Visitor: 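Could you have a look at this structure, given as C-alpha cells, before my questions?
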Amino acid sequence: MTPVLSVRGLGHAFDAPGGGLFGGKRRFRAVDDVTFDLPKGEILGVVGESGCGKSTLARLVMRLYEPTDGEVLFEGNPITHLSRHELRPLRRYLQMVFQDPYASIDPRQTIAEALSEPFEVQRVYLSRAERRAEIERLLALVSLDPAMARNHPHHLSGGQRQRVGIARALALKPRLIAFDEPTASLDVSVQAQVVELLLRLRAELNLTYLFISHDLALVDYLCDRVMVMYLGRVVEILPSRARARHPYTRALIDAAFVPDPKARRTIDRVTGEIPSGFADLPGCAFAARCPEAVAECRRVRPPLVGDGRRAVACHLAPPIAEISES
Amino acid sequence: MSPLLGVRDLAVTFGAQRPLDDVGFRVERGEILGLVGESGSGKSITAMTVMGLLPLVGGRVAAGSIRFEDTELVGLEEPAYRRLRGGRIALITQNPMTSLDPMVRIGRQVDRGARLHLGLDAATARARTLELMERMRIPDAARVCELHPHQLSGGMKQRIVIAMALSGAPDLLIADEPTTALDVIVQAQIVQLLVELVREQRLGLVLITHDMGLVAQACDRVAVMYCGRIVESGPVDTMFAAPRHPYTRALTACIPRPGLRHGDLVGIPGAVPSVAEMPTGCRFHPRCADAMPTCRQHAPRSVAIGADHAVACRLVEPAPEAAP
Amino acid sequence: MTLSGLFRSTTAPRSKRRIGPTIAGLILVGFAVAALLCPWVAPWPYDQQALALAYRAPSPAHWFGTDEFGRDVFSRVLYGARTSLTVALVSISTSCLLGMVIGALCGYVGGRFDRWTMAAIDLTWCFPEILLALLLVAILGPGSTSTVLAIAIAYLAQFTRLTRSQIRALKRETFVEASLSFGAGPAHILLCRLLPNAIAPVIVVAMLTTGDAILLEATLGFFGMGAQPPTPSWGGMMSSGSELLFDAPWVILWPGAAIAVSVVSINVFGDGVLDALDVKKRERVH
C-alpha cells in the first residue's frame with residue numbers, strides 16, 4: 001500500500017545574514033536531506049531540541065514553506081511542484097494543528113467563524129443549517145460544548161482553544177494531520193486530555209499523524225514510530241519504546257524528568273548546547289557534544305542506515321540484531 | 001530551631017478576590033521544596049508574596065505570617081524588604097530571555113547583586129562574578145562578562161540569571177519554573193546545577209513547577225497547590241509512593257512515562273477555575289473523580305496523616321482507619 | 001502564570017467609562033449637525049453684507065458680532081464648519097483609504113515592489129506640509145480641491161507606513177499560517193485575516209490626524225490658499241480678522257475657538273476610541 005506521506009531527500013536552506021555589519025551571508029540548513037515514509041494509520045513522532053528543524057519539516061510537508069531540495073509525495077503523488085491552485089484541492093486532505101492555541105485563531109473570529117473558515121476557503125458552500133450542523137459535529141468530535149460556537153477565542157482556556165484548533169483541522173475530513181507541538185503551551189493535565197483525544201480521533205476517523213514535539217516521553221507514549229532530528233538531520237528512526245541506538249536519542253531519554261523519585265538520574269554525559277547550525281559540518285552533527293565521538297565522527301558524515309522502520313545515522317551504533325536480543 | 005522560611009495561614013487578596021487562602025509550608029536550609037500545581041493555582045502569587053512584590057501588582061496580604069528565620073516578612077517596611085530582596089532572598093524567574101537587561105553587558109548585570117547587597121567594590125564584585133559564573137559551568141567566563149544577553153543561548157542566559165540570583169549571597173532561592181523555557185537536555189543540566197548548589201551551600205530552594213516529573217527528580221519535599229490552597233504536602237517519596245489527595249494522584253498520572261499503554265495517560269477533566277468563580281467546599285470537587293456530596297459543601301481541613309505528611313481532603317479525614 | 005499575566009489581570013481593572021470622550025463626541029456631533037443644517041440654523045445668510053454694521057460687537061441680533069463687511073460672524077462660523085470639516089474629512093478619508101491600499105499591498109507583497117513604492121511614498125516626507133500645499137496650489141490654483149489634495153498627500157506616507165507595518169507584523173501570526181494551511185489565497189488572507197486586524201489603529205490615527213487636517217486647512221485658509229471668498233472657512237475668517245485684532249477681537253476669536261474646540265474634541269474622542277478598540281485590554285475580563 002502506498003504510504004500516505006513520503007518524504008525524499010527533503011531540504012530547506014536559506015541565506016542568513018552573517019555576523020557583523022559586513023559579514024556577508026551564510027547558508028543555513030534548517031532541514032537537511034530528510035527521508036521517511038508514513039504509512040496510513042500511523043503516528044510518526046518527530047523529536048529534537050529547538051532549532052533541530054522539526055517545525056520547519058512540518059511546514060515543508062504542508063507546503064507552507066518551499067523546499068529547496070527533495071520531494072514530498074502525498075499518497076504517491078508528488079506535491080512539491082504543484083502551484084497554489086493545483087494544491088488547493090489537496091489541502092483538504094493535509095491539515096495542520098499549531099503550537100500556540102492563543103495565536104492560531106484570529107482574535108476577531110468567533111469559534112463558529114473559525115470553524116467555518118476552512119469551508120469558505122475551499123469554496124464548499126453550506127446552507128445556514130448545514131453550517132450549524134457541521135459546527136456542532138466538529139465541536140462534538142473534540143468534546144466541546146456546542147454553545148461555545150458563539151464565543152470569541154479569548155473566552156476559552158488554552159485546552160479548549162487547542163480543541164478548536166484540532167476541530168478546525170478536522171473540518172475538511174483530512175487524511176493526514178501534522179501537529180506542531182500541539183501541547184507545548186498547555187498544562188500537563190490538559191496535555192493528557194488532548195493526547196487521549198488525538199488517539200480517539202485517529203481510531204474513529206482513520207487518520208494518520210505527523211506529530212512534532214520536544215518531549216520524547218510524550219512522543220514515546222503517543223506515537224508508533226519516532227524520528228529524532230538534530231541540526232536539521234535525521235539521526236535515528238525507531239519504533240517507540242524500542243531501545244535507542246544513537247547517543248543523542250539516549251541523551252534525550254536520560255534528560256526526561258521521570259515522575260519517580262526512586263529513579264533519579266544525573267546527566268553529565270552530554271554537555272553544551274545545540275550549536276547554531278551555520279557550520280556546514282563535514283562529520284556527524286552531534287560529534288561536538290557526543291561523549292562517545294571518535295575522530296571518524298568529526299570527519300565523515302554517518303549515513304542513515306537501516307530499513308524504513310528502523311534506521312540510525314551513527315558510525316558507532318550497534319547493529320539492530322545485537323540490540324533486539326536484549 | 002525555626003525553619004529558614006515558614007509560611008503559615010497565608011491569605012492574599014486582590015480587591016474582592018482571594019487568590020491565596022490558608023497557605024502554609026516551610027523550607028529548611030539545604031532543602032528543596034517543590035511547589036506544584038497547574039497554572040492558575042496560585043504558585044506565582046505565592047512567590048511574589050514571599051518576595052514582597054505584591055503591592056506592585058495590586059495585591060495585599062490579608063492574613064497569616066511569613067517568617068524568614070527570625071524576621072516576620074508580613075508588614076515589613078519596604079526599605080528593609082529591599083535589603084533582603086536580591087540579597088538574602090533571591091528570585092529566579094521563568095523566562096531568561098526577559099529577565100536580563102538587553103542593553104547591559106552580562107558582567108555588570110551579575111556584579112550588581114554583590115555591589116548592592118555585599119557592598120563590594122567593582123574589582124572584588126567582578127572577581128566574585130567570575131567565580132559564580134565558573135560555578136555555573138559557564139565556559140570562558142571573562143569573555144562572557146563582556147557580551148550582551150542576545151549573544152547567548154537560552155541555557156546560558158538561564159545560568160547567568162541563576163548567577164545573578166546567587167550574587168547577593170542569598171540563603172533562600174525562589175525559582176519560578178526555572179527550566180520551562182529551555183530544551184530538554186539543558187533543562188536537566190540546569191536542574192542538576194541547582195540541586196548541587198543547594199546541597200553545597202546549604203541554601204533553601206522553593207522550586208515552583210507544574211511538572212511532577214521535575215519534582216520527582218529534584219525535590220526533597222512537595223507542597224501541592226490547587227486554587228490558592230495547599231491540598232497535600234509531604235516528603236517526596238511518600239508523595240509519589242502513597243499520595244492521598246486525588247489531585248496529587250491526578251497530577252502524577254498525567255505525566256507520560258515509560259511503560260504506559262494507550263489509554264493509561266489520564267488527564268484532569270475541565271480546567272482550573274478562575275479566581276472569580278471559585279467552587280464552594282473543596283475547590284477540586286468539580287474535577288475530582290472521587291468527589292462525594294459532602295465535598296461540595298464543606299472545605300476540608302488539612303490533617304496530618306503521617307510524619308510530615310498533611311492532606312486536605314474529606315476522603316482522608318477520618319485518619320485512623322483510612323491510613324494505609 | 002507569568003508576571004505580565006498577573007499585571008494584566010489584576011492592576012488593569014476594566015477601564016472605567018470615561019466621560020471625556022463622550023462629551024467630545026457630543027461636541028463633534030453638534031459641529032456636524034450645525035455644518036449640515038446651517039442654511040436652516042444660521043440666523044443670517046453667510047454672505048449678506050451690511051457695511052453700515054461692520055465690526056459690531058456681539059449683540060442679541062449678531063451673537064458673535066459682525067466682520068468688516070457687516071456679515072454675521074455666528075452664521076459664518078457655522079458655514080465655515082461646513083467648509084473646514086468637509087475639507088478635513090474628505091482629505092483624511094482619501095489619504096487613509098489610499099494609504100491603506102498601498103500600505104497593505106506593500107506589506108503583503110514585499111520585495112522590490114515594496115521597496116520602490118515606499119521610496120516614492122517617503123518622498124512626500126521630505127517636504128513640510130505647507131510647502132507641499134503651496135506647490136499644489138501653485139499648480140492647481142487656490143480652492144478647496146487643491147487644499148483637499150494637498151492635505152491628502154501630506155498625510156499619505158503616515159497611513160501607508162502604519163498599514164504596512166501592521167500587515168507585516170500580522171503576516172507572521174499563526175492564524176494566518178492556519179488560513180494558508182486550509183488553502184486560502186492572497187485575497188482571502190489580505191481581506192479576511194490581515195486588513196480587519198490592521199484597521200483599528202489606522203482608524204484611530206485617522207481620527208487623530210483629522211484634528212491636524214483642520215489646523216492645516218485653517219493655515220492654508222489663513223494664507224489665502226483655501227476656500228475662496230465669499231465662501232467662509234475658519235482659517236480665512238481668522239486671516240481677515242487679524243487686521244483688527246485689538247479693536248474687533250470677536251472676528252478672529254470665534255473661528256479660532258471653533259478650531260480649538262473641534263481639534264481638542266477630535267483628539268479626546270480619538271483617544272477614547274483607541275481605548276475602546278484595544279482588544280488586549282478587553283481580553284481575559286475574568
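Labels below follow one simple rule: chain letters A, B, ... track the order of the sequence lines, proteins then strands, and each chain is numbered from 1. Just so it is clear, the structure is predicted and the values come from calculations on it, not from any experiment.
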Visitor: Please list all pairs meeting side-chain hydrogen bond (donor to acceptor under 3.5 Å, both in side chains) that have one or both residues in residues 212-221 of chain A, counting only residues at least two apart or in different chains.
Guide: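 Pairs touching residues 212-221 of chain A that pass the test: A/Glu181-A/His214, A/Glu196-A/Tyr221.
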Visitor: Apply the test side chain to side chain contact (heavy atoms under 4.5 Å, CB included) to residues A/Gln193 and B/Cys254: give CA-CA distance (whole Å), side-chain angles for both, the deciding distance (0.1 Å), then the verdict.
Guide: CA-CA 8 Å; A/Gln193 297 170 23; B/Cys254 57; over 6 Å; no
Visitor: Between A/Gln191 and chain B, which part of the residue has a heavy atom less than 4.5 Å away: side chain, backbone, both or neither?
Guide: side chain
Visitor: Taking all non-hydrogen atoms of both residues, which atom of B/Leu260 and which atom of A/Arg241 are closest, and how far apart?
Guide: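 Nearest pair, atom of B/Leu260 first, then A/Arg241: O-NH1, 3.5 Å.
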Visitor: Can you list the steps and then say if A/Phe257 with B/Val191 is a side chain to side chain contact (heavy atoms under 4.5 Å, CB included)?
Guide: CA-CA 10 Å; A/Phe257 296 135; B/Val191 166; 3.7 Å; yes
Visitor: Hey, which of B/Gly267, B/Pro258, B/Gly213, B/Gly155 has the most heavy atom pairs under 4.5 Å with chain A?
Guide: B/Gly213
Visitor: Other residues, nucleotides and ligands only: do more than 12 of their heavy atoms fall within 6.0 Å of CZ on B/Arg137?
Guide: no
Visitor: So how far is it from A/Leu218 CG to B/Leu265 CG, rounded to the nearest 0.5 Å?
Guide: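 One finds 7.5 Å between CG of A/Leu218 and CG of B/Leu265.
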Visitor: With side chain to side chain contact (heavy atoms under 4.5 Å, CB included) as the test, would you mind laying out the steps for B/His262 and A/Arg202 before giving the verdict?
Guide: CA-CA 12 Å; B/His262 284 179; A/Arg202 169 175 73 157; 3.9 Å; yes
Visitor: Minimum heavy-atom separation for B/His210 to A/Val188, with atom names?
Guide: O-CG2, 3.4 Å
Visitor: Work out which heavy atom in B/Ile185 is nearest to a heavy atom in A/Ala255; give both atom names and the distance.
Guide: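 Nearest pair, atom of B/Ile185 first, then A/Ala255: CA-CB, 3.8 Å.
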Visitor: B/Gln217 side chain to A/Ala263 main-chain N or O, any donor-acceptor pair under 3.5 Å?
Guide: yes
Visitor: Is a side-chain donor or acceptor of B/Asp183 paired with a backbone partner of A/Ser50 at a separation under 3.5 angstrom?
Guide: yes
Visitor: Between B/Val236 and chain A, which part of the residue has a heavy atom less than 4.5 Å away: side chain, backbone, both or neither?
Guide: both
Visitor: Show, in sequence, the C-alpha distance, side-chain angles and deciding distance for A/Leu216 and B/Val184, and conclude whether the side chain to side chain contact (heavy atoms under 4.5 Å, CB included) test is met.
Guide: CA-CA 9 Å; A/Leu216 189 57; B/Val184 257; over 6 Å; no
Visitor: Starting at OG of B/Ser39, measure out to CG of A/Leu186 and round the result to the nearest 0.5 Å.
Guide: 9.0 Å
Visitor: For the atom pair CG (A/Asp260) and OG1 (B/Thr252), what is the distance rounded to the nearest 0.5 Å?
Guide: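 Spacing of CG (A/Asp260) from OG1 (B/Thr252) equals 10.5 Å.
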Visitor: Any idea which heavy atoms bring B/Ala216 and A/Arg264 closest together, and the distance?
Guide: O-NE, 2.8 Å
Visitor: Can you tell me which portion of B/Arg261 sits under 4.5 Å from chain A's heavy atoms? Options are side chain, backbone, both or neither.
Guide: both
Visitor: Heavy-atom pairs under 4.5 Å with chain A: which of B/Pro269, B/Ala271, B/Ala253, B/Gly263 has the most?
Guide: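 Ranked by heavy-atom pairs under 4.5 Å with chain A, first place is B/Gly263.
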Visitor: For chain A, which of B/Cys219, B/Pro139, B/Gly154 has the most heavy-atom pairs under 4.5 Å?
Guide: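 Ranked by contacts with chain A, first place is B/Cys219.
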Visitor: Looking at chain B, which one of A/Gly48, A/Ala217, A/Ser240 has the largest number of heavy-atom pairs inside 4.5 Å, strictly under?
Guide: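 If we count pairs closer than 4.5 Å to chain B, A/Ala217 comes out on top.
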